[in-house]
Structures are given as C-alpha cells and as structure tokens.
Amino acid sequence: MDHEEVVAAGTAQKQAAADDYVIEMLHITKEFPGIKANDDITLQLRRGEIHALLGENGAGKSTLMSVLFGLYQPEQGEIRKDGKTVKITNPNDATALHIGMVHQHFKLIEVFTVMDNIILGAEDTKLGFVQRKAARKKVEELSKRYGLTVDLDAKVEDITVGMQQRVEILKMLYRENEVLIFDEPTAVLTPQEITELMQIMKGLAAEGKSILFISHKLNEIMEVSDRVSVLRKGRYIGTVNTAETNAVELSRMMVGHDVQLVVDKAPANPGKTVLHVEDLHVPSRLYKHDAVKGVSFDVREGEIVCIAGIDGNGQTELVFGLTGLEKPSKGKIELNGQDITHAPISQRSKAGMSHIPEDRHKHGLVLDFTLEQNMVLQSFEQPRFQSMGFIKFDEVRSYTERLIEEFDIRSGQGPITIARSMSGGNQQKAIVAREIDRDLPLMIAVQPTRGLDVGAIENIHKQIVAQRDKNKAVLLVSLELDEVMNLSDRILVMYEGEIVGELDPKQTTVEELGLYMAGAKRQNGTKEGET
Amino acid sequence: MSQNVAGKKPVSQPALGSESFWHKSGTRSVLASLVAIIIGMLAGSIIIIAVGISHGMGGTTIWDGIRLIFGGLFASGRDAAGNLVFSFNPSSFGNMLFRAMPLIMTGLSVALGNRAGLFNIGAPGQYLAGTAASLFVSLSIPNTVLPTWLIWIIAFFAGMLAGAVWGAIPGVLKAFLNINEVLACIMTNWIAANLVTWMFDSSNLKNMLEGTKSGYIYKTSAILNDVSIGGTIQTVGETIPENAELIASRGNVATAKMGLDSIFSGSQVNGGILVAILLAVIIYFMLSRTTLGYQIKACGANRFAARYAGIRDKQNIVMTMAMAGALAATGASLYYLSGNTEFFWSTYQSLPAIGFNGIPVALLAINNPLGVIFSSMFMSMLQICGDRLKELTAYNEFITDVIISVIVYLSAFMLVIKTWITKLQKGKGAKK
C-alpha cells in the first residue's frame, strides 16, 4: 500500500503539478425528458484545491453532483478518479472511491449522540459488537487534527447548527474521504460561523483533501476558493483562477449579462403606521415554551422593516403569528387600526395583508395544481374570478398570462404548467408576482430570495423596493446579511424570541449585526421600553 | 430540493397545446385503466383454463368459460344443440344497471374523498347508515298518512342525511383532533354495523312485510307479485295474506321505473340509475368548475397551502367527509327503496361489500366522477358474467372475484403502467 502510494506520488511529480487531478468529469451530458440538465460539462478537481462550482438555480449544479454521486447515470461522458476511468452507478460506489458530501440539509439523527452519528453506517465491529473505544479515539484524533471542536456525547438536537455541520465534516473524515463536496454550506450559519468554516475548509485543503464548494454567494467564493467553474443553463461556461477574477466578472459569467449587486433605492419616506404589534407571544410547535416572547414593533407606510437573525430564533413563529398560521398566546396585532390578533387568515387578507411565505413548497404553492390555479389561490372567491360559485376560467387564464408577462415567469406550458415542474426560481417568482399584484397595504416577505440566483434576486429586490415606493409597508424577514443590509430601512434583530436591537443599516456594520444576532450584544432600550 | 426541480427546467419550451390527444395525461390514464382491465380478464381466462384442465373439463367447456368471461353480458342461454347463444339480453343489461346504481354512489364517495386527500374507507358504514335511515323512515310512515311518493322522497333524503352525519364524524376527528381518517372510518364502520343490528332488533319493523322469511327486513314494497330477486323471478304474492292489513298501510314504497322496465324487460332496473348518473355528473361539475371544488382540491393537494391562502381547511375536511358520506348513503337509499330488494338486518358481523367495492371503482376511474359511472358498470357487468358462468357452465361465479381482485391489484400499479405507456409513445416518437 505504502509502496504504491509512493509510486503514485512519483508519477504525479513527473507530470506538471497542476495536472494532478483527483476527480475529472469529462464531457458529461445528462438529459431528462425534453431537457438537457447537463450539456457537455467538464469539471476537473485538482488534488488539495478548493474548487467552487458556481451557477444559477437550474444551471445544473445539483444534477452534476448527483452524477458524481451515482444517483444519475449520464448519457455521455466519463468520470476519472486519479486518472483512471471509473463507473459510479450508486452512492456506495462513490463512498468506496472516498467521495463524501455535506448536504445543505444535514443528514443527522437528532436523538443520537454526535459520536453515534459519526460512526453510523461505518461501524467497526468485532463479533457483532461495535468497537466504540477505537472509533472514539479515531474521531478525537481527527477532531484535534483539523480543529473541529465537537461535543461527542451531546445529542445532535442539543447542539448548534455550526457544530452539526462540523459533525457532518467529521463523518466524511472518519470515512477517510479525500474528495469533500460542500453543498451550499453557509446558508444556515452566522457570519462568525462562516468565517470559522472558511478556516476549516482551508485547513482541510492544506492537509491534502480536495474540496468542491457549491455556492452562489460570490464573496465567499472569492474568499476561500482557488479556482471557480461556472455553469449556466446546463452548459459549462468556463473555469477561472479566483486570484485573477472578481465578483462582477463571476456574476456576469453566471448570469450572462451585467448584474447590479447593490440595490439602488432612494431614502425611505415613512408615513402612518400600518402594522402595530404589541407584546406578542407565539407558542412554539416543538416545545412547550413560547418561541416569540413579547415582541413589540411598528411598520409604517413606505418603509422596509427587516427582521434579522439566525434561523430558529423565533422569526418563523413571529410570521406565523402575524399571518394567522399560528394562534398568538398573548399580545395584540393591529393592521390599519383593526385588531386582527385572533382573526382568521382570510380576514387578515381582506384587512390588507399579503404574505410571501418562507416555505414555498409547503405554504406558497399547491405543487400539483397548474400555474393559473396557483395564481388565484387567495382570490378565487372574488367576483372577478367567479360568478354564482362557478369559476370564470377565461378570467383566470388572462390574469395569469398578464402576470407571466409582467414578472417574466418562465415555464414549459404557460398558465397550464404544473407548478411542481417549474424551476425553484420561477416558482418563487410566481408567488412574488401573486402577492405583489394583490396590491395590499402590508406585505410580509419571508426570505423572498432564498435559494435564488443573482439575476432573480436583483429582480425581486427591485419589486420590493417598488412596493415601498408605492407607499406600501413591507416587513421583510431574512437570514441573508447582504439582503438585510441592502434592502432594509430599519433592522430589528431577533434573538431567542425577542427583539434585541433596532439598527439603522446606514450606521451599522455586518460585524455589529452579527454580534446582535449571536446574542453577544443587546440594546437596553428595547427592554426598558417594555417596562 | 428546489435545485433538483430546477435541474429539469426545459431547455426548449414546447409551444402551447402542442400535445396530441394520445399524449395527454388524461388519455394515458384511461389507457392505463384499460390495460389493467385487460390483464385482469386475461388472468381470469388463465384460471378458467387451469381449473378446466385440472378438472378434465374438455376444450368446449373451457372455451365457453372464456367466452362468458368476456361476453357474459350478451349470453342468453344455450340452443338445442347445447351451444352458447349470444344476443342482446335486456334482463342482463337491466340488472347490470341496477347493480351499478349503488356502486356508482359508493364509488363517487371514495373518489370525492380521494380528490380531497382523504381516504374514505368508511363507505360501508355510511352505506349502512343510509340503509337504516331510509328503511326506518319508509317502513314506519303509513301510506294512509302520506302518499307513497312523498314517503319515498323523505326516506331518500333521510338516508342521505344519515350518511352525511356518519361521514362527518371521521371528518371532525381528522380536522380537529388530527386522528387519521382511515382509523376513524374503520371504527365508525363497525359501530354502524352493530348499531344498525341493534336498532332493527329492538324495532318492530323486522320482517314486518314478510313474516315467513326469518331475519330479513323485507322489501319496502310487497304489493308487486312478480319481482326479480338476485336475477331470478320469484312470486311472492302468496306470502302476503298473513299481514295484509299492515302491508296495505305500509307497503308500496318503490322507486319509479321511469319506463326502464319496458326497455330492459325482466330486470330489476329502475329510475334510481338515472339519479345516480345525474349525481355523478353534478359532482363532476362541482369538482371541475366551481369554487367549492377548487377549495376541496386545494385542501386535498396541499392542506398547508390552502390554509395559508385563507381557505378554512378544517371546515373543508368535515364538509368533504359529510358529502362523501351522503353519497355512499344515497347508494343505500336508492338500492333499498327500489321495492324489490331485501336487507338482512343482523349485520353486526359483516360490512356491506358494496361499500368496499367503491374503492376499486374509484381507483379504476382515476377518481373521475364520470369515470365512476363506467367503472361501476364494468364491475357489475363482471358480476353478471360470473352469474352466467355459474348458470351455463360447470364453473362457479367466484372466478369473476379473482378478475376484480387482479384489477384492483393492478390499479395500485396504475402509475407504473402509465409510465410504460409514456415510454412506449416516446420510443415510437423517436423512430419517426
């Protein structure tokens, strides 16, 4: 074994070091019915580099990774590992080739300990008994070597998201993977945790691991990667050295045209109060305590108020309480002076609230309905879409066609496309179009650009600012710091169910915001104001 | 998740309405149902052959059996030489319609539930609720008080209402306590079976019109002398005199024939089949054209999105289950108010098969209310074929049960069959 490795290293040295590819995906073409998801894509991963894979939604990144993982079989092309052609027909083959992946949504068993999660599926056994001691020693060594601090005896449900991610990384290292794939790893992390992850990734690469980093956050790619490959609409656009490029060039490669990275907006001109929230408490679905603990704030006409915070600090429940998806346990909500604390959802709609939900598949759309059926989800009972209980199909059709035109919603068959078959970005555009076109005084938008590419984000941000400029009140909930800083006129930071600070985006920094989000800092004014 | 979906985004977008008739999803579904039916019939034929060979029946008998499986509806007996004669048989056709009548209703009940994302396995219990209510009302109102047609209408709606109430129970449990509707439906089924037995046992309606036949709540009309029971004509006039007085005051509630008896002479068919078909058409338009149908489908396809949009999902679930219950019970009303059917009141150990048969009927019809009409007719046709098989050959009628079960089994694979058809069409398209 050792001898072979030496020989392999020797041959590698003879070649130019830059051509030492650990994984090569050559001319990969993968088709789905009527669609080329990957069209002649070549991706070469050098040993010990961090290689970013950049692309819009629907560019084919996931498909390409699924091909590498053996979940899909490509129609054309070949995959090489260490220069040898390999056939990967299922994920077990990929594991055997030491390819590991940290998924965007962690694959951990919440009620198991960290240790059990790491060894699960790769247990060393003797006479059928798991060799815990040996395994533990190995995990401890790895954790020390790569600086991955975890509490091995804690249950996964009790540890932070950042630590859960380190558990996922340890899982890959425990399996002695050499190729590590990170699928949008920073989406759930705080700015501090992101910095930490970047350090860990650099450390892994320095130890000789090869990393594929899937992302569409340009600043992260600029910071951590050595090279970037860009995909667009299933095609391979090119690979560039990170040191020789910049964010603007990368976004142009990704989208195909110039993109405005900063939202252009005039100063806010707030008017009368639209939404008034007083000492609101909302129960948690999972636990017995309240997830929102006594939140009070106002949103006025013509301003964008942003609720910032790390995922899971009560933002979801706050929105549920405001929109009627969950009953508040205490407090008061007023919309245009009308008490809607206990009003059913339909009445909140009528009182003037539109809502871009956090979970577009669960709440935003009926995926098995057509696009046009989805466009009238709230308004089908209005006289313009029905008479005597019979739906006016012509009206629904022409209404949908207008929105498709105005909001550039792309789909296979126009109004009669099944929502499920549309791309994530276009599904989101459809929801945004529907909610904006309802033209109501208050819009609650929860992560309206989640998982979208730069082009779509730019478009949706413009629409939201346009709403504000039409004197609507906008309450935006976002986990993306760039979005919070760019879009909002006022920032409210939520931490553990409370508002711990009100900040002016013009006078604060991302770092300061991060401290509030992590609970390291809080304004006394909020607490005093309540008492 | 969303990225996967996005990965399949079409590169070239097909023009609107470019799908041909044969490539439509609906057409493929119908084809898939037909494939299931054909495979089921072939399986029945194989059993005919296997049973025939193992019993040494000989080629002619086996061939007769197979012909009856496919064409039993048209069998009208044997000629002098002993060969099967096939021709239009009005009595078989009429009986097919008659048997399809309650099946259409239970099929609609299950189909409506499925469209709303609810598996209504409670159709047997709802059917029993309808049976009890319609029989109680029709037998206890003397025709000296109200005209018989009015008694019929009251009894019909009483059955419908009882079913609605019975169906609403699992609906309420599901909506407000989040109890799985399948569990609640099974419980209510058996509660209905015992309740109905107890109600009739403690009533004085039992055997009211037919003293000699023990244990039966006999037909609601005993005035007709010649009626067909189970396909054969029986004369029941002789048994009447015992309680002639009572019969004179209570009997004669029967569904109007609406001239169908002259078209399909010698059969049990009556106007009830037209009511069932009308209801199927109404449900079809309700689901496809109205805001009510839109709400029901939205709740069924994604309860959370419906709630988000302000549709009252809980009320919707209760209402849909009540409607499903009313439909199943209407089947019972139509069947037992026919005037020539009998109900064995001691039912606590069994549930009516017609209720459960609503499930394959709905599956085969892909939950389309209009499709339910045809799938019910097909199922009752198979039963007729089974009867003919028993009458005219040495086989028994249970072979048709095998066919039905194969079809039910295959209807669970409907999606797989649909995918085959899609692939087959693609293969052809590529060759062109």
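Quick note on labels: first sequence line is chain A, next is B, and so on, each numbered from 1.
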Query - Shortest non-hydrogen separation from A/L64 to A/M25 and the atoms involved - result: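 Taking every non-hydrogen atom into account, O-CE, 3.5 Å.
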Report task. Keeping the roles fixed (side chain from A/Q428, backbone from A/P448), state whether a donor-acceptor pair exists under 3.5 Å. Result ->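 Indeed, once roles are kept as given, a pair shorter than 3.5 Å links the two residues.
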Requested in this report: Applying side chain to side chain donor-acceptor pair (under 3.5 Å), run through A/E435 and A/Q378 and close with a yes or a no.
Outcome: CA-CA 9 Å; A/E435 297 307 313; A/Q378 295 103 334; 2.8 Å; yes
Need one label for [X]: side chain, backbone, both or neither, based on atoms under 4.5 Å from any heavy atom in chain B.
| X | value |
| --- | --- |
| A/F369 | side chain |
| A/F393 | side chain |
| A/Q347 | neither |
| A/I391 | both |
| A/R434 | side chain |

Query raised in the report: Got more than 12 heavy atoms from elsewhere within 6.0 Å of CZ, B/F374?
Result: no
Requested in this report: Identify which part of B/R303 has an atom lying under 4.5 Å from any heavy atom of chain A, answering side chain, backbone, both or neither.
Outcome: neither
Query raised in the report: Ion pair present between A/D368 and A/R420, side-chain N to carboxylate O less than 4.0 angstrom?
Result: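 Looking at A/R420 together with A/D368, the answer is yes, because their closest N to O distance falls below 4.0 Å.
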